Amino acid sequence: MIIIFFGPPGAGKGTQASLTAKTLKIPHLSTGDILRDKLLDQDTLSIKLKKLMDSGNLVSDDILNEIIANRLKLPDCQGGFVLDGYPRTMSQKIFLIDFLESHDLSISKIIDLVIDEKIIIHRIKSRSNIENRLDDREEIIKTRMVKYIEETKPLFKYFRSKYPNDYHIIDGDQDIEKIQDDILKIVKNEDFQP
Ligand code: ADP
């Protein structure tokens, strides 16, 4: 099973993607986590990445596409995977679709978590106190929201028209358990009533 999660920063995408992957026993590929891991290397590349991420800007498509291509080729992805944070731009979308087509793979479900911007700002502010992520400061959240609206939202039209029966919008302003329940119904093809 191949599942893609979409959702603005703070929508709970990472939490839901991780729970879903655990239940389905497939890897959870979070590009945010993979990039944060890379920062630990402390080389020239990681200094560049840190600057971009801390300011709320996106890392270059070439870097992301390479990370994803290398990751998807590993044996643990052969039974499916959950994508969280990728694709985020048009170029990443094109790269992913090409990759999947050339490996005879297709997307099973797309989960689009939707949530009001005011709730997001409130949530991220409390997360930043706990996790101390520099990119969770309020002015940076705004940049990340703008990036999401400008770069990622335009991809939805493509996915909605290509996968009309497998593109699902989920209300992100519910308890974690309820959201996960909704998602599992969808991935298990059970009756889902929003
Ligand atoms: P969130 O979903 O809360 O915005 P993530 O943890 O997914 O945060 O990502 C953190 C940062 O990592 C992003 O703001 C961006 O700088 C970088 N990043 C993650 N995924 C991508 C991607 N697919 N393309 C470009 N940059 C990315």
Side-chain angles (χ1 to χ4, degrees), residues 1-35 58-59 61 64-65 67-69 71-73 76-117 119-120 144-145 147-194:
M1 226 183 181
I2 296 176
I3 303 175
I4 299 183
F5 274 81
F6 285 121
K13 189 167 40 82
T15 307
Q16 296 299 336
S18 158
L19 290 169
T20 308
K22 231 178 236 153
T23 303
L24 298 177
K25 299 192 169 61
I26 51 178
H28 166 212
L29 310 186
S30 154
T31 48
D33 287 350
I34 295 172
L35 288 168
L58 294 179
V59 172
D61 290 327
L64 264 297
N65 291 340
I67 287 176
I68 284 295
R71 188 63 189 86
L72 296 186
K73 284 179 196 145
D76 65 335
C77 287
Q78 305 318 307
F81 47 86
V82 173
L83 281 178
D84 159 14
Y86 184 96
R88 238 174 169 108
T89 66
M90 203 54 86
S91 142
Q92 293 176 19
K93 181 214 92 178
I94 293 167
F95 185 87
L96 176 68
I97 299 296
D98 268 6
F99 184 96
L100 295 178
E101 278 174 5
S102 63
H103 290 78
D104 233 352
L105 296 168
S106 64
I107 296 166
S108 321
K109 298 283 174 204
I110 297 154
I111 306 291
D112 182 2
L113 279 172
V114 174
I115 186 158
D116 192 79
E117 192 174 337
I119 301 171
I120 288 176
R144 287 160 64 200
M145 280 302 295
K147 291 285 156 199
Y148 186 72
I149 291 164
E150 287 178 352
E151 304 278 350
T152 310
K153 273 199 158 179
L155 310 183
F156 298 174
K157 204 170 147 201
Y158 166 85
F159 285 104
R160 288 186 81 150
S161 62
K162 179 125 195 250
Y163 300 92
N165 300 320
D166 296 311
Y167 189 104
H168 297 271
I169 293 175
I170 301 272
D171 176 7
D173 186 19
Q174 309 182 86
D175 290 347
I176 291 180
E177 293 75 19
K178 171 71 171 71
I179 298 174
Q180 183 57 200
D181 211 48
D182 288 353
I183 293 171
L184 288 183
K185 278 188 184 130
I186 288 165
V187 299
K188 292 180 174 169
N189 272 323
E190 290 169 11
D191 255 357
F192 171 65
Q193 305 290 339

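FYI, the numbering just counts along the sequence from 1. Given the structure is predicted, the values throughout are model-derived calculations rather than measurements.
Judged by distance alone, with hydrogens and angles left aside, the side-chain atoms of Q92 form no donor-acceptor pair with the main-chain N or O of N65 at under 3.5 Å. Checking side-chain atoms of T152 against main-chain N and O of R88 turns up a donor-acceptor pair under 3.5 Å.
Listed here is the closest heavy atom pair of G80 and I26: O-CB, 3.6 Å. Considering all non-hydrogen atoms of both residues, C77 and P27 come closest at SG-CG, 4.1 Å. When all heavy atoms of L58 and E151 are compared, the closest pair comes out as CD1-CG, 3.8 Å. Considering every non-hydrogen atom in both G172 and L113, the closest pair reads CA-CD2, 4.1 Å. Of all heavy-atom pairs between K13 and G7, the closest is CE-O, 3.0 Å. Between P9 and I120 the shortest heavy-atom distance is O-CG2, 3.0 Å.
In this structure, S102 OG and I97 CD1 are separated by 11.0 Å, a value rounded to the nearest 0.5 Å. Going from atom CD of Q78 over to atom NZ of K73 covers 11.0 Å, rounded to the nearest 0.5 Å. Note that CD1 of I110 is 11.0 Å distant from CG of N165, once rounded to the nearest 0.5 Å. Here CG of L29 is found 10.0 Å from CD1 of I2. Values are rounded to the nearest 0.5 Å. Taking CG of D84 as the reference point, atom CD1 of I3 lies at 12.0 Å (rounded to 0.5 Å). Distance check: I111 CD1 to I183 CD1 gives 5.5 Å after rounding to the nearest 0.5 Å.
The shortest distance between side-chain heavy atoms of L72 and L105 does not fall below 4.5 Å. Considering only heavy atoms from C-beta on, L100 comes within 4.5 Å of I107 through its side chain. By the 4.5 Å heavy-atom criterion applied to side chains, I176 and Q16 are counted as neighbours. Annotation: side chain of D182 is not in contact with side chain of D171 (no heavy-atom distance under 4.5 Å). Side chains of D112 and F159 form no contact here, defined as non-hydrogen atoms less than 4.5 Å apart. Looking at F6 and I169, their side chains never come closer than 4.5 Å, going by heavy atoms from C-beta outward.
Sorted by first and then second residue, the ring pair (Phe, Tyr, Trp, His ring centres under 6.0 Å) pairs with a member in residues 77-102 read F99-H103; sequence neighbours excluded.
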Any chance you could lay out the side chain to side chain contact (heavy atoms under 4.5 Å, CB included) test for L64 and T89, step after step, and finish with the verdict? CA-CA 10 Å; L64 264 297; T89 66; over 6 Å; no

Please evaluate residues D116 and D173 with respect to the criterion side chain to side chain contact (heavy atoms under 4.5 Å, CB included), reporting the C-alpha separation (whole Å), side-chain torsions for both, the decisive distance (0.1 Å), and the verdict. CA-CA 8 Å; D116 192 79; D173 186 19; over 6 Å; no

V187/T23 under side chain to side chain contact (heavy atoms under 4.5 Å, CB included): CA gap, chis, key distance, verdict: CA-CA 11 Å; V187 299; T23 303; over 6 Å; no

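For K93, there are no salt bridge (charged side-chain N to carboxylate O under 4.0 Å, His left out) partners two or more places apart in sequence or in a different chain. A search for ring-ring contact (aromatic ring centres under 6.0 Å, His included) contacts involving Y163 returns nothing, not counting sequence neighbours.
Of the options D76, T31, L83, a side-chain contact (heavy atoms from CB on, under 4.5 Å) to R71 is made by D76 and by none of the others. Tested against P8 for a side-chain contact (heavy atoms from CB on, under 4.5 Å), the candidates K153, M145, E117, K147 yield a single pass: M145.
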